[in-house]
Amino acid sequence: MEPQRLQAGQGWQWMKQGYALFMKAPLLWMVLLLICFIAMAGLSAIPVVGEPLSSLLLPAVMVGLMVGCRALEQGEELELAHLFSGFQQHTAQLVTLGGIALVGQFLIFGLMMMVGGATLVSILMSGQPPQDPQVMAQAIAGAGFAVLIGVALFSVLLMAMQFAPMLVYFNGIAPVEAMKLSFRAFLANIGPMLVYGVAFILLAILASIPMMLGWLVLMPVMITSLYACYSGIFPPQKESESAPAAGDDDKPTEGTL
């Protein structure tokens with residue numbers, strides 16, 4: 001299975017397709033995302049195990065939203081039950097994917113600490129923003145090379161995880177192979193992904209102007225447009241054409257009247 005290579009302009013088309021999917025059930029999309037945010041925030045609030053557990057389950061939650069997108073694409077209704085799809089099929093593979101990503105994060109943080117970013121990493125891993133913004137600014141300034149390493153490695157991890165949950169669920173690909181394929185797909189479509197990213201940044205600025213109210217629309221569109229990215233780069237597989245044509249088995253054998 002190889003990713004499609006698309007033109008740069010497709011990045012904006014993904015955003016438009018995502019908006020179209022959102023408009024098929026706008027209120028329900030807002031409700032589903034609110035449920036997800038509350039559930040993940042509540043899980044993350046559990047001391048010690050909360051945040052790692054939420055990271056493990058994130059791919060399964062994301063898959064549920066993607067299944068909702070596919071249902072709308074196929075003319076079906078968006079339902080609350082779609083959220084639990086990732087906990088009904090391929091759950092072990094999706095949790096494994098979350099575990100790989102979690103280990104990757106810890107390894108990156110560990111490397112950053114080794115090259116002088118210990119203060120910054122401790123702030124990031126605390127989960128609590130410092131009261132004084134100067135503390136964060138000084139930590140970033142003091143990290144130096146560690147910041148560059150962190151940005152580079154987290155970018156690679158993000159690219160590897162971009163389409164991996166969908167590839168595991170919809171295509172039945174093993175977690176590690178799904179991450180490799182996702183990374184190749186991102187690099188093969190760097191043009192449209194850049195356009196998509198710039199479009200999202202501009203829309204995020206506009207969404208923030210009216211007291212952040214625009215995010216009620218932009219957050220669901222971010223999810224639905226991600227599905228548009230995936231389905232564009234990895235179009236749904238058609239039925240095998242290698243099956244024998246209808247009637248082939250009914251041809252009379254030699255000597256049949």
Side-chain angles (χ1 to χ4, degrees), residues 28-69 78-114 117-133 135-136 139-140 143 146-147 150-151 153-169 174-176 178-179 182 204 212 215-216 218-220 222-224 226-227:
L28 189 51
W29 271 121
M30 294 180 190
V31 172
L32 290 181
L33 281 186
L34 182 61
I35 292 173
C36 289
F37 287 144
I38 292 175
M40 297 302 285
L43 188 60
S44 298
I46 300 175
V48 184
V49 299
E51 290 193 7
L53 187 57
S54 63
S55 296
L56 290 175
L57 299 180
L58 184 59
V61 174
M62 180 61 68
V63 157
L65 297 171
M66 296 297 106
V67 171
C69 291
L78 180 63
E79 300 176 358
L80 178 62
H82 288 139
L83 278 181
F84 305 101
S85 300
F87 298 97
Q88 296 170 346
Q89 297 181 35
H90 304 291
T91 306
Q93 293 89 339
L94 291 169
V95 172
T96 298
L97 189 63
I100 295 172
L102 182 61
V103 171
Q105 293 175 34
F106 284 134
L107 290 176
I108 294 171
F109 279 140
L111 182 59
M112 290 175 65
M113 294 178 69
M114 291 174 60
T119 302
L120 177 61
V121 170
S122 64
I123 293 174
L124 294 175
M125 295 188 69
S126 69
Q128 297 292 332
Q131 297 291 335
D132 185 0
V135 174
M136 176 62 81
I140 294 175
V147 174
V151 169
L153 294 180
F154 272 113
S155 296
V156 171
L157 183 60
L158 178 62
M159 288 186 281
M161 289 295 296
Q162 181 89 357
F163 306 115
M166 291 83 88
L167 289 168
V168 167
Y169 186 87
V176 174
M179 293 180 70
S182 175
M212 307 293 288
W215 283 92
L216 293 175
L218 187 57
M219 283 302 296
M222 183 174 70
I223 298 297
T224 53
L226 176 60
Y227 174 79

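Basis for what follows: all heavy atoms, side chains included, without hydrogens, waters or symmetry-related copies.
In this structure, Phe106 has no ring pair (Phe, Tyr, Trp, His ring centres under 6.0 Å) partners at least two apart in sequence or on a different chain. Every residue was checked against the side-chain hydrogen bond (donor to acceptor under 3.5 Å, both in side chains) condition with Tyr169, not counting sequence neighbours, and none meets it. Scanning for side-chain contact (heavy atoms from CB on, under 4.5 Å) contacts around Ser55 gives Leu102, with sequence neighbours left out. The side-chain contact (heavy atoms from CB on, under 4.5 Å) search around Leu111 returns Ile149, Leu153, not counting sequence neighbours.
Rounding to the nearest 0.5 angstrom, the gap separating the CD1 atom in Ile35 from the CE atom in Met30 is 14.0 Å. The distance from the CE atom of Met222 to the CH2 atom of Trp215 is 7.0 Å, given to the nearest 0.5 Å. Note that CG of Leu107 is 11.5 Å distant from CD1 of Ile100, once rounded to the nearest 0.5 Å.
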Subject >> Verdict with supporting geometry, Leu80 and Val31, side chain to side chain contact (heavy atoms under 4.5 Å, CB included) >> reply: CA-CA 9 Å; Leu80 178 62; Val31 172; over 6 Å; no
Original post:
Given Met112 and Leu120, is the side chain to side chain contact (heavy atoms under 4.5 Å, CB included) satisfied, shown in steps?
Top reply: CA-CA 9 Å; Met112 290 175 65; Leu120 177 61; 4.2 Å; yes
**OP:** Could you please spell out the steps behind the side chain to side chain contact (heavy atoms under 4.5 Å, CB included) verdict for Phe109 and Ser122?
**Re:** CA-CA 9 Å; Phe109 279 140; Ser122 64; over 6 Å; no
**OP:** Give the C-alpha distance, both sets of side-chain angles, the deciding distance and a yes or no for side chain to side chain contact (heavy atoms under 4.5 Å, CB included) between Phe37 and Met219.
**Re:** CA-CA 11 Å; Phe37 287 144; Met219 283 302 296; 3.4 Å; yes
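Side-chain contact between Ile223 and Met62 is present, with heavy atoms from C-beta onward closer than 4.5 Å. With a 4.5 Å cut-off on side-chain heavy atoms, Leu226 and Gln162 count as touching. Looking at heavy atoms from C-beta onward, Leu97 lies in side-chain contact with Met179 at the 4.5 angstrom threshold. Contact check for Thr96 versus Val176: no side-chain heavy atoms found under the 4.5 Å cut-off.
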In a table with atom names and distances, give each donor-acceptor pair under 3.5 Å that connects a side chain of residues 40-47 to protein atoms at least two apart or in another chain.
{"residue": "Ser44", "atom": "OG", "partner": "Met40", "partner atom": "O", "Å": "2.8"}
{"residue": "Ser44", "atom": "OG", "partner": "Ser54", "partner atom": "OG", "Å": "3.3"}

Per-pair distances, 0.1 Å, donor-acceptor, side chain in residues 81-94, under 3.5 Å, sequence neighbours excluded:
{"residue": "His82", "atom": "ND1", "partner": "Glu79", "partner atom": "N", "Å": "3.0"}
{"residue": "His82", "atom": "ND1", "partner": "Glu79", "partner atom": "O", "Å": "3.4"}
{"residue": "Ser85", "atom": "OG", "partner": "His82", "partner atom": "O", "Å": "2.9"}
{"residue": "Thr91", "atom": "OG1", "partner": "Gly86", "partner atom": "O", "Å": "3.1"}
{"residue": "Thr91", "atom": "OG1", "partner": "Phe87", "partner atom": "O", "Å": "3.3"}

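The shortest non-hydrogen separation linking Cys69 to Trp29 is SG-CH2, 3.6 Å. Between Val61 and Cys36, the shortest heavy-atom distance links the atoms CG1-SG, 3.9 Å. When all heavy atoms are compared, the tightest approach of Gly150 to Ile108 is CA-CG2, 4.2 Å. Residues Ala164 and Ala178 approach most closely at O-CB, 3.8 Å, considering heavy atoms.
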